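What follows is one structure encoded as structure tokens, with my remarks underneath.
As the structure is a computational prediction, the values presented were derived from the model and not from experiment.
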Amino acid sequence: MELKLYDTLTREKRVFVPLDPNNVRMYVCGPTVYDFAHIGNARPVIVFDVLFRLLRHLAKQGVWDGGKGETKVTYVRNITDVDDKINARAAEEYPDLPLNEAIRKVTEKTDKQFHDDVAALGCLPPTVEPRATEHIVEMKALIERLIASGNAYVADGNVLFSVRSMPDYGKLAKRSLDEMIAGARVEVAPYKRDPMDFILWKPSKPGEPAWPSPAGIAAPGRPGWHIECSAMSWKYLGEMFDIHGGGIDLVFPHHEDEIAQSRCAFHTPLMANFWMHNGFLQVEGEKMAKSLGNFVTIKELLEGWCGYSWPGEALRFNMLRTHYRQPIDWKFESLDESHKILWEWYKDIEGLQEDSRVSTDVIAWLCDDLNTPELITELHSLRKKKEFKSLYNALQLLGFSGKRENIIRRAGTSRGVSAAGIAGSFNAKENPDQITIAGEVLPSDDQIEKLVSMRSAARVAKNYKESDRIRDELKKMGIVLHDTKDGTAWEKVR
RNA sequence: GGCCACGUGGCGGAGUGGUUACGCAACGGUCUGCAAAACCGUGUACCCCGGUUCAAUUCCGGGCGUGGCCUCCA
């Protein structure tokens, strides 16, 4: 089976072959831990988790090592824990603590929530999750190399990368230096040789996190953002590796700058062989922004959005119904439909035992640049053909449990966007008393059985008025009845 | 202002130079005390204007709309 992936650098779908047949290497930009992850942050995490799972599957099949099945897959996703926004947030939330202590509190809390969130979304932990603050040594080594090779210079206690020293600069974003300068709207720092030069290292303000500086700079400082990823990918994946992923908004400047740093430091023709970027996400047709009141975190979706607490698997499935490179509009209707589809599928695969045989059609769609929408069509068709085992195996491969008890939806706190629109969500936040609806209380199985048999008795007596009344009552509790020739079955709906 | 995407039936969403996508919802039918479920059936979509072509939703150009990046935001 041939895997084809779209590469942002060459703007084409190409056959993927690992540089090293014994080790497939992938790096994805992870979160900056200053605030809870929003649903837009969830997209790359889910998309590249699916790719990780596919790569592992293909590796096991021996696709790249002549059938031996021993290829390793190394997936690195970093955690950025040194950043201006973290500093700002820490100072705001814990004004009475020393800054470094406040920062630790913010990053620990955010980091924990992030891991809880992505676990709920069914994502596997990456092979390595390096933290920026634990890789300052590697960053400084890179910076020294770049200075030695003439690609970086010291100015005013900063180290800057000289974009003019890199002929290919701008290739990923498809724009020339002249275009960038013409279009620039930012004020240029006076110490920059070229307006587009970017920071590799900068002095720390008093109280900020600080490390001894490279390049003979006396004052302590801290790294720029872009150098982190170059340093951590180098440490765990080497000078060149296979896949680098992230959101499309990272193409410029972040990934462009990573390429410049890594290629110039190692004199390599490439940093990553494939650059993959997921499309942007909007909420209810609008850009997600705190000022619009439609900012939605993963945590909120899991706890209560549009009146429901959503199972992580429904969020995951909803994400995969759109191709990863397309824009996606996150809305209640669509999420509701996703949940419903899973709910129906899970009924059919109840009680099946998993095995690793996944239909080749399913793999083929994944291998076509992760065409998950076509893959989902294939799953619908498997269900229609009553090939439930195949459906189950495919869902397992994609990271779904297939267990109905894991995707029961409950009434949640109703903060956030309502099905009708986003109006009023801020008021709800201001008046917490009004936002909490008690979690749905499901009746016990005994109670249900009792009501069902009461209804059956009424039906036998042809007391249809009473039997319909009981059915309505059960319906209100979320219990739906199915009359079959063998008696009445009941199930809890979502 | 510069660069880059996207625009498909009520909704979601693939794909293709000429043939049914698919799913959800809707509607009709079978079945049923009535429902539900199940099964069967129905819809003839591709932003606008030019061009290329025997043929364009699909390729090219322009326009309009939406969004992203150029402000360390996935």
Under 4.0 angstrom, heavy atoms only, what part of the nucleic acid is [X] near: base, sugar-phosphate, or nothing?
X         : result
Ser176(A) : nothing
Gly40(A)  : base
Val480(A) : sugar-phosphate
Leu281(A) : base
Glu378(A) : nothing
Glu374(A) : base
His277(A) : nothing
Arg175(A) : base
Lys475(A) : nothing
Arg455(A) : base
Arg459(A) : base

Taking 4.0 Å as the cut-off, does a side-chain nitrogen or oxygen of [X] come that near to OP1 or OP2 on [N]?
X         : N      : answer
Thr322(A) : G13(B) : yes
Lys331(A) : G12(B) : yes
Asn371(A) : G13(B) : no

Return whichever of Gly224(A) or Ser381(A) has its heavy-atom-nearest nucleotide of RNA chain B closer to the 5' end.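 Result of the comparison: Ser381(A).
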If you pin Tyr464(A) and Trp225(A) to their nearest nucleotides in RNA chain B, which one's is more 5'?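 Mapping each residue to its closest nucleotide by heavy atoms, the 5'-most match is Tyr464(A).
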Report yes or no: is there a donor-acceptor pair, N or O only, under 3.5 Å between the side chain of [X] and the base of [N]?
X         : N      : value
Asp329(A) : G13(B) : no
Glu337(A) : G23(B) : yes
Arg471(A) : A35(B) : yes
Asp483(A) : C34(B) : yes

Could you tell me whether the side chain of Arg11(A) reaches within less than 4.5 Å of the side chain of Thr8(A), counting heavy atoms only?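 The answer is yes, as the side chains (C-beta and beyond) meet within the 4.5 Å cut-off.
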Within the 4.5 Å heavy-atom criterion, are Tyr324(A) and Asp369(A) side-chain neighbours or not?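 A side-chain contact exists here, since the closest heavy-atom pair is under 4.5 Å.
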Where does the angle between the aromatic ring planes of [X] and [Y] fall among parallel (under 30°), tilted (30 to 60°) and perpendicular (over 60°)?
X         : Y         : result
Tyr27(A)  : His244(A) : tilted
His255(A) : Trp275(A) : tilted
Phe252(A) : Tyr169(A) : perpendicular
Trp330(A) : Trp305(A) : tilted

Which nucleotide, [options], lies nearest any side-chain atom of [X]?
X         : options                : result
Asp249(A) : G68(B), G12(B), C24(B) : G68(B)
His38(A)  : A74(B), C39(B), G33(B) : A74(B)
Thr32(A)  : A74(B), A25(B), C22(B) : A74(B)
Pro373(A) : G12(B), G23(B), A14(B) : A14(B)
Arg383(A) : A38(B), C22(B), A36(B) : A38(B)

Can you tell me how far [atom1] in [N] sits from the matching atom in [M], rounded to whole Å?
N      : M      : atom1 : result
C6(B)  : G51(B) : P     : 25 Å
C39(B) : C24(B) : P     : 11 Å
A74(B) : U42(B) : P     : 48 Å

Figure out the [atom1]/[atom2] separation between [X] and [N], and round it to whole Å.
X         : N      : atom1 : atom2 : value
Lys4(A)   : G15(B) : NZ    : P     : 13 Å
Asn278(A) : A74(B) : CG    : P     : 11 Å
Lys340(A) : G12(B) : NZ    : P     : 17 Å
Ile248(A) : U66(B) : CD1   : C1'   : 15 Å
Ile376(A) : C24(B) : CD1   : P     : 13 Å
Met288(A) : U66(B) : CE    : C1'   : 17 Å
Lys174(A) : A5(B)  : NZ    : P     : 8 Å
Trp330(A) : G13(B) : CH2   : P     : 11 Å

Any side-chain to backbone donor/acceptor pair from Arg77(A) onto Phe48(A)? Under 3.5 Å, distance only. no
Across all strands shown, which nucleotide pairs with [N] by Watson-Crick or G-U wobble geometry, both distances under 3.5 Å?
N      : result
G28(B) : C40(B)
C6(B)  : G65(B)
A35(B) : none
G1(B)  : C70(B)

Centroid separation Tyr6(A) to His323(A) less than 6.0 Å: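 No; His323(A) has its ring centre 6.0 Å or more from that of Tyr6(A).
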